[in-house]
Amino acid sequence: MERLQIVSVLLFVPLALYSRVDGTSLSLLQNDETTSDSYRLLAVSEPLYYDLYLDMTDANFSNYAGSVDVTIKYTGNGSIFSLNSVDLAINVETLRVERMNGTKVPLESFTVSRQFEQLYFNCTEKLEAGASYKVHLEFNGTIKTDIFKGVYRSSYRVDGEIKYLATTFFAATYARTVFPCYDEPGHKARFNVKIRHRSHHTALSNMPVIRSTMIDGYSETTFDTTPLMSTYLVAFVVSEMKTLSSVGELFRVYAPENKVNYTVYAHDFAVRAVRALENHFGRQNQMRKIDLVGIPDFAMGAMENWGMITFREDYLIYQDEEETTALAKQKIASVITHELVHMWFGNEVTPEWWTYVWLNEGFANFFEYYITSQLEPAWRLWDQFILDNVHWALSKDSHSSVRPMNYYATDPAVLNGLYDYVVYEKSASVIRMIQNVIGFDTFQQAINDYLRSRSYLTTRPQYLYTSIEKFRTVDLPASVEVIFESWANTPGYPVVTVSIDRTTRTLTASQKRFWIPNEIDTPPQNMLFYIPVNYGSNVPTSTDFEDTTPTFWLTPQDPTATVTLEAGVEWIVVNKQQTGYYRVNYDDESWHKLIEVLNSDQFEDQLPVINRAQLVDDVANLARAGEVGYDVALSLMQYLERETEYIPWATAYNALQHLDRMFSSHKEYNRFENYVGSLASHVFNEMNLFDTESHLNRLHRDKSVYLACYFGVEACLDAATKIIEEALAEETLNIPKELQNAVFCALHKYDLLVEGDYGLEIFQKYWLATDQYQPLMDKFINALGCSRNLAMNEFYLQMIEINETALPITVSMKNNILNSMIKGGPATRSAAFRYVSARFDTVSNMLNHELSAMFNALGDSVNSPREYDMLKELIHTHQTSLNPSSMQAATRALAQAEENLQWIVKHSGVIAKWLVEQKFEGDDDDDSGAEAITSEAGLFVLLGIISISLQMVVY
């Protein structure tokens with residue numbers, strides 16, 4: 001499964017347990033119902049086969065009916081067994097348990113537990129251990145339209161006509177919401193699926209179609225038997241979507257008929273990717289056909305259903321270099337690879353319980369980058385692994401309350417929330433660390449042995465460790481299991497603190513748990529790890545930064561180590577190529593030596609790209625944690641004024657964005673703007689704005705040009721002005737996609753001397769051709785947070801009040817206006833605060849009383865005592881009207897805002913002092929070039945747009 005960057009967590013409220021029919025006969029069920037294991041199925045039976053029938057003929061995709069025959073093997077010693085089911089109407093009259101000869105087994109009772117999402121069967125006679133039985137259930141269910149889980153309805157538009165489809169998402173515990181089953185990953189079985197549907201629809205499932213017939217005016221599609229697999233991998237889609245592929249091809253890509261022509265790249269890349277994976281794993285793909293299906297509103301990025309992978313539609317649609325950004329193209333390729341990796345990691349070899357879901361997602365993330373980088377070497381995706389996995393995980397894993405990779409839970413609410421950075425980015429980073437310890441070739445041999453040994457079986461990490469031990473040739477301070485488990489069972493990660501004694505030529509390194517302190521969370525226990533340590537330096541014997549084998553280890557038993565340095569060492573960098581999952585801190589002299597290297601003419605030759613990015617990321621986060629001063633961090637990042645590589649700049653982008661958000665209300669903020677502007681000006685001048693050939697340049701352009709325009713680099717503002725004028729001269733208002741963020745931010749933030757009103761033009765075109773201009777409109781609105789113009793802020797907020805049915809100002813658009821302004825600078829945030837305070841009921845009704853996202857945005861953005869008081873007052877005034885989830889978000893927002901203020905008190909003075917000492921220019925002009933128009937003028941313009949649009953609609 002490929003997750004989206006932001007993952008929604010399902011809030012679970014347990015309901016009362018249904019009364020059991022005969023409490024005295026259910027002795028096996030008398031567990032303490034407060035314990036988590038009550039959610040586990042009784043370990044007395046296992047499924048062998050499912051014969052699943054679904055009637056999906058409802059014209060509106062609102063409801064469905066179905067039946068399932070589950071052939072089970074009884075392994076217990078009694079008369080009771082259980083299946084998972086929730087939110088299904090079971091037809092009790094048709095329920096039966098049969099022996100394989102067709103005779104019925106009488107039931108004493110049948111009990112439904114809504115709380116534990118189970119069906120309990122109690123037979124009147126003892127079941128035979130080792131014997132098989134068939135359980136028959138008929139049921140009715142609802143096709144969801146409000147959440148994208150279980151079976152749900154999606155839609156798309158073709159030539160103004162809305163077309164509906166039914167699709168599924170079962171991981172981790174949603175198969176039970178669609179049909180009764182053994183909904184645990186360790187219960188593998190074979191599935192026979194049959195779907196009745198309307199004749200103009202096509203039914204897809206995991207396996208190829210073996211029969212299609214007409215019955216009572218409907219089509220009935222029967223699919224071949226699946227291999228042994230878990231219920232969360234079962235899937236189906238009923239739709240009118242089309243494919244360009246023929247029946248006999250291995251891959252078929254399905255999309256709406258108006259987009260299917262744009263699936264060629266996805267199809268061709270999938271063919272390349274599966275061949276590369278087969279070669280790497282030494283094992284053939286196990287399926288005769290693999291459908292890739294694009295769903296308009298998919299719950300995750302994609303889902304690895306075996307033989308029928310579902311994707312968020314954007315991850316399959318590629319038009320051309322002008323219409324599809326480099327990042328979007330890269331995401332299509334990498335997500336396809338990720339899902340195909342799951343055919344081995346997850347589908348064929350499946351964790352016995354969700355505790356080890358990282359064995360699925362960690363390896364899928366790892367090979368997503370490793371294999372795609374082999375197929376598209378110019379993208380340098382293996383370098384990007386550092387940004388997207390290591391840096392991302394380190395940033396999220398720095399709190400005291402984080403969980404480890406191995407995490408046991410049974411509550412469905414918890415299980416469905418496990419798909420986070422821990423199982424994706426952190427696990428992939430730890431896997432990469434171990435790969436570098438034992439060697440690439442050894443790692444490949446071990447992985448292939450692991451897959452062979454557990455084929456079509458369940459797994460746990462110990463099987464992986466056994467395969468690695470079987471092939472490893474390097475010396476280790478402990479067994480593979482002990483080393484790996486120190487990372488898998490321990491939350492968080494360490495910081496390695498390095499000091500150099502230049503008199504004795506020794507390096508001393510020690511470890512401790514890294515976290516970003518605050519006065520809200522309890523400090524974490526200082527748990528220790530097995531840490532592989534290596535270093536590069538200026539001397540010839542240690543300049544090979546490609547050799548990432550450990551020089552020495554820090555262990556829980558010996559958390560400090562001292563080693564002798566080579567003669568002539570002036571500076572060192574620990575953790576070459578950042579292969580270890582930890583941060584590195586240095587003594588003051590060593591930091592300043594590294595700053596000198598970065599500011600030398602030889603910095604590109606002496607320090608590789610990844611280690612330059614590592615230094616930026618480490619120093620920024622160490623400063624945030626109070627481990628080094630911000631004067632050190634800002635001095636080191638000053639080297640960026642000569643850096644042109646994408647990886648260090650993408651790292652710096654995140655660090656500078658955080659500083660901007662926290663420091664933007666400070667009186668010396670203008671000096672900070674000038675500081676970042678001075679860094680960004682060089683890279684902007686080196687950037688070819690319209691180069692569509694270089695993939696990395698296009699990725700680089702998106703973030704670096706944005707920084708340059710956001711911080712007012714004159715050349716960037718001039719370019720933005722020219723781009724907008726050219727767009728106004730064209731009927732389409734076209735702006736290159738990778739420049740839209742920067743150009744729109746510049747337009748909102750600065751008084752660009754543009755002839756014409758781009759905002760007026762885009763609104764008019766959007767209202768006349770909503771589908772065509774929706775993406776451009778979204779980008780335009782997302783940049784509103786850049787505005788420092790009080791009148792224009794009021795102008796956009798007034799749109800939230802518009803409820804004219806002729807104008808497509810959707811709830812989503814209104815929400816984006818509000819959130820973009822909350823996440824913006826002090827000017828937009830103040831306007832949003834005032835609006836929410838004055839129109840709280842309007843905002844609450846607009847968001848259907850679910851205000852969690854708004855409060856989360858406010859908590860992240862507040863950076864002044866005044867804003868904190870406004871947030872506190874807002875929550876106090878309306879707390880009685882908030883639903884539980886919104887109130888929880890409000891409480892978290894206050895805590896986060898308080899943490900922000902603590903950061904400001906602790907660090908802003910140091911930052912301001914450094915900026916003054918470095919003589920970055922300040923500015924007393926508070927309006928920052930804001931256009932002097934009144935809110936009445938903004939309202940007049942808005943009313944004018946509405947009037948013009950209504951006339952166009954009428955005539």
Cationic tip of K194 above F223 ring, under 6.0 Å, 45° of axis:
no

Determine the sole option in F363, Y356, W358 for which the ring-ring contact (aromatic ring centres under 6.0 Å, His included) test with F345 is passed.
F363

Could you point out which residue of V92, D69, V97, L119 forms a side chain to side chain contact (heavy atoms under 4.5 Å, CB included) with L137?
L119

If I take atom NE2 from residue H187 and atom OG1 from residue T350, how far apart are they, to the nearest 0.5 angstrom?
13.0 Å

To the nearest 0.5 Å, atom CD of Q330 lies from atom OG1 of T324 at 13.5 Å

Residues E220, R196: salt bridge by 4.0 Å N-O rule:
yes

Q444: which residues meet the side-chain contact (heavy atoms from CB on, under 4.5 Å) condition with it, sequence neighbours left out?
H280, N448

Got a second to check how far Y421's OH is from S429's OG, nearest 0.5 Å?
11.0 Å

Cationic tip of R312 above Y315 ring, under 6.0 Å, 45° of axis
no

Donor-acceptor pair between D51 and N192 side chains, under 3.5 angstrom
yes

Nearest 0.5 Å please: distance from the CD1 atom of I295 over to the OG atom of S239.
7.0 Å

Test side chain to side chain donor-acceptor pair (under 3.5 Å) applied to Y182 - qualifying residues, sequence neighbours left out:
S45

Inter-residue atom distance S38.OG - F116.CZ, 0.5 Å rounding:
4.0 Å

Between CE of M241 and CD of E313, what distance do you get to the nearest 0.5 Å?
8.0 Å

